[in-house]
Amino acid sequence: MTLKLLYGTLLTLLAVSLPLMGEEAAKTPQPTPELTQQEKLVVTEIMTATIARELAITDPKKTMKNWMTSGAYAKWEKLTAPMFDGDNCPELSDFFSTSLIFVGLQNSETGIVAFYSPWSDTILLCKTDNTTKLQGVENFVFLPGSVFRKDKQAPDDCPQTIIPTKSSLSVALLDTYLRTKDVFLANFSTEKQIAANEFFRSPQEPENLDIIRRNIQTRGVLSLPLKESANLGNRKKLEQIVNALRTSNADEIRLKLKRNSDQKMLDAFLTTPAKLRQELQVFSFLQNKEKCLAALSHPNFTQFVVIISFAQNNTEDISFEFFIFNTAEEVIQAWKANASGGSK
């Protein structure tokens with residue numbers, strides 16, 4: 001099933017990338033592979049989850065009501081209503097807008113799909129009814145990533161992907177993503193694994209929702225300096241850098257970022273479709289007395305991540321990182337090789 005999950009991820013990348021590549025790419029005839037029944041279920045699950053994610057960004061309550069069975073939605077409403085107020089809840093919207101999709105086992109009766117946001121380290125596991133055309137959610141569990149992975153940490157500890165204290169933000173994001181994906185694959189790739197784990201049979205603990213809400217709200221608090229008048233200089237500088245990444249040509253971007261950037265990462269970024277770069281948005285913002293750091297991604301293609309940092313007193317001191325979550329293992333291996341002076 002691991003290969004099928006990776007195959008599903010590839011289909012997701014293609015489904016999102018093709019519209020970004022313009023009309024000419026869309027006109028190019030594409031070969032149609034023959035899919036097995038299970039692969040068709042995987043594709044349908046991905047398409048359904050992708051649509052649900054997009055709708056949930058603007059109206060999570062209505063989306064969950066339409067996608068879930070009546071029993072699952074009653075559980076969802078009872079669990080989330082006390083924690084997340086309103087139909088267009090900003091915390092739930094933030095979760096879905098920053099989430100990636102994992103697809104597990106699919107058969108003719110049931111399927112597993114998950115929404116995981118590395119930015120708040122939160123995962124929503126869903127069990128779907130594959131006997132219906134909609135593949136509606138019949139059960140779910142909403143967990144902090146630390147609980148899902150069974151990390152040994154205090155409940156009040158803020159995820160490293162929100163406030164990195166042990167490594168850079170890029171390392172924290174990639175490491176947390178990989179460990180979460182590994183746990184998902186170890187529990188939801190086969191019927192035997194699903195039967196053995198307790199995720200869907202254990203009661204949903206309200207304190208887990210407290211952790212989720214606190215983590216998402218912390219993300220919002222950290223971005224507040226971008227709105228403060230006292231921080232106008234840093235905000236303008238960030239806007240200039242982001243606008244350059246969105247609209248400048250390759251030579252201009254290279255010139256602006258040449259001093260402190262990994263050239264391989266810069267080359268990879270410049271090969272991405274222009275439309276993707278034009279729609280980059282700030283996903284995370286951190287600031288101290290010396291530096292500002294902003295992480296960017298595409299609202300419909302959260303696999304892509306750009307991280308820029310700059311000194312508050314030096315307009316030329318800009319660093320740049322770019323990676324794709326789906327290639328996290330290769331990125332980490334390359335970084336380790338560079339740090340040790342070796343090569344891959």
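Throughout, residue positions are numbered sequentially from 1 according to the sequence presented. These figures come from a predicted structure and were not determined experimentally.
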**Item:** Residues in side chain to side chain donor-acceptor pair (under 3.5 Å) contact with R149, at least two apart in sequence or another chain
**Value:** D121, D151, T180
**Message:** Between the side chains of D175 and K166, is the shortest nitrogen-to-carboxylate-oxygen separation below 4.0 Å, so that they form an ion pair?
**Reply:** no
**Message:** Test of understanding: with side chain to side chain donor-acceptor pair (under 3.5 Å), list the residues that count as partners of K40, not counting sequence neighbours.
**Reply:** none
**Asked** Residues in side chain to side chain donor-acceptor pair (under 3.5 Å) with T132, at least two apart?
**Response** none
**Message:** Check for me whether the distance between the ring centres of Y116 and Y177 falls short of 6.0 Å.
**Reply:** no
**Asked** Mind checking who shares a hydrophobic cluster with L55, ILVMFWY linked at side-chain heavy-atom distances under 4.5 Å?
**Response** I51
**Residues which pass side chain to side chain donor-acceptor pair (under 3.5 Å) with E239, listed by chain and number, not counting sequence neighbours** = none
**Request:** List for me each residue that meets side-chain contact (heavy atoms from CB on, under 4.5 Å) alongside S223, sequence neighbours excluded, and say none if there are none.
**Result:** none
**Contacts of type ring pair (Phe, Tyr, Trp, His ring centres under 6.0 Å), residue F199, not counting sequence neighbours** = F148, F188
**Message:** Distance alone, cut at 3.5 Å: any donor-acceptor contact between the side chains of T165 and Q160?
**Reply:** yes
**Asked** Is the F322 ring parallel, tilted or perpendicular to the F269 ring (thresholds 30°, 60°)?
**Response** perpendicular
**Flag for T128-E45: side-chain donor and acceptor within less than 3.5 Å** = yes
**Request:** Scan residues 119-140 for pairs that pass ring pair (Phe, Tyr, Trp, His ring centres under 6.0 Å), counting only residues two or more places apart or in two chains.
**Result:** W76-F140, W119-F283
**Message:** Holding to salt bridge (charged side-chain N to carboxylate O under 4.0 Å, His left out), I want the full list of residues that pass it with E252, two or more places apart in sequence or in another chain.
**Reply:** none
**Complete:** Hits for salt bridge (charged side-chain N to carboxylate O under 4.0 Å, His left out) against E109, two or more places apart or cross-chain, chain-then-number order -> none
**Request:** Answer yes or no: does atom NZ of K291 have more than 12 heavy-atom neighbours from other residues, nucleotides or ligands under 6.0 Å?
**Result:** no
**Asked** Between S99 and S117, is any side-chain donor less than 3.5 angstrom from a side-chain acceptor?
**Response** no
**Request:** Return yes if some donor-acceptor pair links the side-chain N/O of E321 with the main-chain N/O of V306 below 3.5 Å, else return no.
**Result:** no
**Asked** Is it true that E279 and R246 make a salt bridge, defined as a side-chain N closer than 4.0 Å to a carboxylate O?
**Response** no
**Asked** Do any pairs count as a side chain to side chain donor-acceptor pair (under 3.5 Å) and have a residue in residues 209-219, sequence neighbours left out, and if so which ones?
**Response** E91-Q217, D94-R219
**Message:** Test of understanding: with salt bridge (charged side-chain N to carboxylate O under 4.0 Å, His left out), list the residues that count as partners of D129, not counting sequence neighbours.
**Reply:** none
